[in-house]
2 protein chains.
Amino acid sequence: MTVTINDVAQAAGVSKGAVSYALNGQPGVSDDTRERILKVARELGWTPNLRAKSLSSAKAFAVGLVVARDPRLLGTDPFFPAFIAGIETTLVEHEYALVLTVAASADAEEMGYRKLAADSRVDGVILTDMRVDDSRIALLKSLKIPAVTLNRPETSSPFPAVCMDDTEGIAAAVEHLVSLGHTRIGHVGGPQSYIHGRSRRLAWQNAMSKAGLEASSFIEADFTAAGGLAATAELLRSAQRPTAIIYANDLMATAGQSYAQSLGLTVPDDLSITGYDDTELATYLNPPLTTVPADPLLWGRVAAQQLLSLLGGAPAADVYLPSPKLVVRASTGPVPQHAE
Amino acid sequence: MTVTINDVAQAAGVSKGAVSYALNGQPGVSDDTRERILKVARELGWTPNLRAKSLSSAKAFAVGLVVARDPRLLGTDPFFPAFIAGIETTLVEHEYALVLTVAASADAEEMGYRKLAADSRVDGVILTDMRVDDSRIALLKSLKIPAVTLNRPETSSPFPAVCMDDTEGIAAAVEHLVSLGHTRIGHVGGPQSYIHGRSRRLAWQNAMSKAGLEASSFIEADFTAAGGLAATAELLRSAQRPTAIIYANDLMATAGQSYAQSLGLTVPDDLSITGYDDTELATYLNPPLTTVPADPLLWGRVAAQQLLSLLGGAPAADVYLPSPKLVVRASTGPVPQHAE
DNA sequence: AGCGCTCTCTGAACCGGTTCAGTAGATATA
DNA sequence: TATATCTACTGAACCGGTTCAGAGAGCGCT
């Protein structure tokens with residue numbers, strides 16, 4: 001049926017071992033013999049059997065990604081598909097595959113990693129959505145699975161991180177709004193249990209105090225449209241209603257913008273709005289959204305590269321990606337006169 | 001190190017073969033011996049080595065999904081993440097894994113399937129985004145990979161399909177608009193090379209002629225926000241400007257709605273709009289979007305079930321999922337007076 | 001010539017399961 | 001009692017690679 005290394009050995013008149021050495025570019029065969037073996041293998045149309053390779057070399061030639069999200073909300077996050085696509089661009093070049101697991105709960109997430117480990121499905125994993133005190137680090141350490149994290153967790157981690165600073169973009173958003181005369185700039189953040197939820201809030205806080213402003217209007221939301229709406233409603237109800245809101249992602253910003261408009265407010269005349277992610281839709285909203293582009297494609301590509309080089313035995317060193325720059329569109333404008 | 005079937009055999013005082021039979025619930029060992037072997041295996045903490053199983057049983061215990069999309073646009077489609085989550089809910093129950101491939105081009109897509117086949121990474125695949133004359137069917141047939149398709153392709157296909165009728169929802173949208181007095185109802189469709197792009201257009205056409213209306217305002221777009229905007233602009237420029245537009249997905253509808261609003265039109269007073277997908281954001285737009293919920297989670301779950309039972313040797317039979325029903329929100333309203 | 005060394009290659013073990021042919025013993029059949 | 005049948009199990013081959021110990025051949029050096 002399919003041609004095996006045995007067939008090649010027989011056809012070339014050498015032993016299995018010699019064929020293995022020749023095909024893997026290892027020493028142990030002369031150049032002449034190597035050429036001959038390769039030629040025979042080519043003629044016979046031999047292709048390596050990944051399963052056999054996996055068994056004997058104890059490698060899976062695959063990396064894993066466990067996505068812990070409410071499945072119903074997973075579709076709302078534009079980050080993952082693009083991130084996965086980025087991972088793939090690297091993997092295909094190295095004949096690796098991506099094994100994807102979706103987990104609905106924290107338990108399921110842990111089980112996901114445990115299954116990947118127990119079945120040796122993967123040689124390493126990429127950790128996204130790092131949490132402030134992330135139990136996965138200890139888990140993976142105990143499971144002895146190499147990993148790469150997106151951004152460096154606060155917990156001490158033995159795994160290399162691929163870092164993309166999101167504070168600069170948020171700070172730029174604050175500065176941009178301040179330059180437009182805003183002083184009451186609110187922030188609708190993501191869950192503060194996530195390091196990116198927290199770092200964006202801190203970035204907003206720091207930029208605010210740097211500008212001599214009080215960072216008082218903060219609402220912790222959950223990155224969903226529903227959460228964005230609720231947080232916006234709360235901010236707009238408050239006595240010192242903000243004239244601008246910085247959202248931790250585009251989805252919440254869009255929901256907030258729509259909500260504000262439904263109240264009769266005009267964006268940006270009555271309320272300025274910024275997002276984070278720069279989803280495709282952001283450009284096509286009315287008004288188009290001022291936002292900070294995440295670059296999930298690049299992030300995925302580099303994270304996968306990082307993981308593969310870690311698997312190849314390279315020392316674990318963090319990689320820093322360029323900080324994304326604020327993209328100014330029409331959802332931000334001068335502070336309203338009456339609010340001065 | 002890890003405990004193998006050999007260790008169990010030795011500890012139980014039987015042969016490897018007996019252990020294998022016992023662990024797999026196969027005949028060939030007495031109940032007493034089986035019990036004893038299972039007990040020993042449990043005590044020793046034996047877990048099957050998937051790689052060895054894969055090699056000897058020639059199965060991968062994984063299914064594949066090749067997503068062919070421009071990676072940069074992948075994030076805009078809320079379908080995939082939820083669909084994948086649905087697949088996962090089935091797979092975890094059966095100890096199967098999902099191998100995901102992202103392909104940017106048609107060539108890459110074919111390569112994706114070929115690689116999965118050559119490496120025997122998967123035991124079967126799920127085909128989404130069926131095209132009118134879909135080359136993947138012949139490809140998979142030649143590669144001898146079992147498959148399940150989303151909806152039945154027009155090409156004759158040996159693979160079972162999981163069908164979810166989208167025509168009913170579109171027809172309902174037309175009827176809904178007709179009942180509101182609209183007569184000029186346009187359609188912004190997806191690429192007509194996709195069967196779901198085409199079937200939605202046909203559903204619109206049929207419903208229109210059923211209502212005695214002319215289905216003349218059709219623009220073929222590409223499911224992206226940019227495409228939705230361009231198509232909307234074209235429709236609104238036309239002499240017989242439609243008073244309502246049915247979009248083939250929410251993303252285009254949202255972009256269209258924003259564009260219309262940016263022209264100073266009011267939705268739905270000047271223009272009614274419907275989408276397709278019922279993304280989370282649809283509820284939180286201003287106005288909230290009338291749309292047809294796709295149920296990617298269910299679709300994924302059933303497709304995976306279908307594939308697994310196919311792999312288990314069940315005969316290939318199509319499955320029909322309930323047709324999604326139109327969800328009416330505030331983006332549709334009575335036809336404008338002056339347009340009567 | 002004798003020794004050691006390197007280079008090339010072989011044969012077999014090994015990874016951890018599955019599966020099949022064969023056998024011993026118990027049971028049924030005539 | 002002799003024979004056929006069945007059950008329960010063993011031993012070995014097998015899946016398709018990797019890897020290691022060791023055998024010869026060829027070479028240089030003293």
Side-chain angles (χ1 to χ4, degrees), chain A residues 1-41 44-62 95 117-121 123 311-313, chain B residues 1-41 44-62 95 117-121 123 311-313:
Chain A
M1 191 99 101
T2 59
V3 30
T4 75
I5 204 174
N6 262 313
D7 302 328
V8 176
Q10 206 171 341
V14 293
S15 70
K16 265 173 82 172
V19 175
S20 177
Y21 293 138
L23 292 169
N24 293 310
Q26 288 192 9
V29 283
S30 67
D31 289 349
D32 287 3
T33 313
R34 184 184 306 272
E35 292 285 326
R36 188 159 45 88
I37 292 175
L38 290 177
K39 184 157 166 290
V40 170
L44 263 53
W46 173 85
T47 69
N49 179 310
L50 195 73
R51 293 206 254 262
K53 258 180 99 150
S54 276
L55 179 59
S56 59
S57 66
K59 289 202 283 182
F61 303 101
E95 312 262 292
D119 294 347
S120 315
R121 289 265 193 195
D123 298 322
L311 294 177
Chain B
M1 192 98 99
T2 61
V3 30
T4 76
I5 205 175
N6 262 315
D7 303 328
V8 176
Q10 206 171 342
V14 292
S15 70
K16 263 173 84 172
V19 174
S20 177
Y21 293 139
L23 292 169
N24 292 311
Q26 287 192 10
V29 283
S30 67
D31 290 348
D32 287 3
T33 314
R34 184 185 304 274
E35 293 284 326
R36 188 159 46 88
I37 292 174
L38 290 177
K39 184 159 167 288
V40 170
L44 263 53
W46 175 84
T47 70
N49 180 310
L50 196 73
R51 293 205 255 262
K53 260 180 97 152
S54 277
L55 179 58
S56 58
S57 65
K59 289 201 282 181
F61 302 101
E95 312 261 295
D119 293 348
S120 313
R121 289 266 193 194
D123 298 322
L311 294 177

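This one's a predicted model, so the numbers in the text were calculated from it and none came from an experiment.
Contact detail for Ser54(A) and Lys59(A): the closest heavy-atom pair is OG-O, 2.8 Å. Closest non-hydrogen pair, Val3(B) versus Gly45(B), comes out as CG1-O, 3.5 Å. The two atoms that bring Asp123(B) and Phe61(B) nearest to each other are OD2-N, 2.7 Å, heavy atoms only. Across Asp119(B) and Leu50(A), no two heavy atoms sit closer than the pair O-CB, 3.6 Å. The two atoms that bring Ala62(A) and Arg121(A) nearest to each other are CB-O, 3.6 Å, heavy atoms only. Ala11(B) and Val40(B) make their closest contact through CB-CG1, 3.6 Å (heavy atoms, listed as atom of the first residue, atom of the second, distance).
Look at CG on Leu23(B): it is 15 Å from C1' on dT19(C), rounded to the nearest Å. Between Ile37(A) atom CD1 and dT18(D) atom P the separation is 12 Å, expressed in whole Å.
Note on Gln26(B): a side-chain N or O is less than 4.0 Å away from OP1 or OP2 of dT19(C).
Rounded to 10 degrees, the angle separating the terminal axes of the helix from dA1(C)-dT30(D) to dA30(C)-dT1(D) is 50°, with each axis obtained from five end pairs.
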Practice problem: Give the C-alpha distance, both sets of side-chain angles, the deciding distance and a yes or no for side chain to side chain contact (heavy atoms under 4.5 Å, CB included) between Thr4(A) and Asn49(A). | Solution: CA-CA 8 Å; Thr4(A) 75; Asn49(A) 179 310; over 6 Å; no
Quiz prompt | Summary of protein contacts for nucleotides 9-17 of chain C, nucleotide by nucleotide, where a base hit scores B, a sugar-phosphate-only hit scores S (4.0 Å, heavy atoms) | solution = BB----BBB
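Remark: the backbone N or O of Gln26(B) is paired with a side-chain donor or acceptor of Arg34(B) at under 3.5 angstrom.
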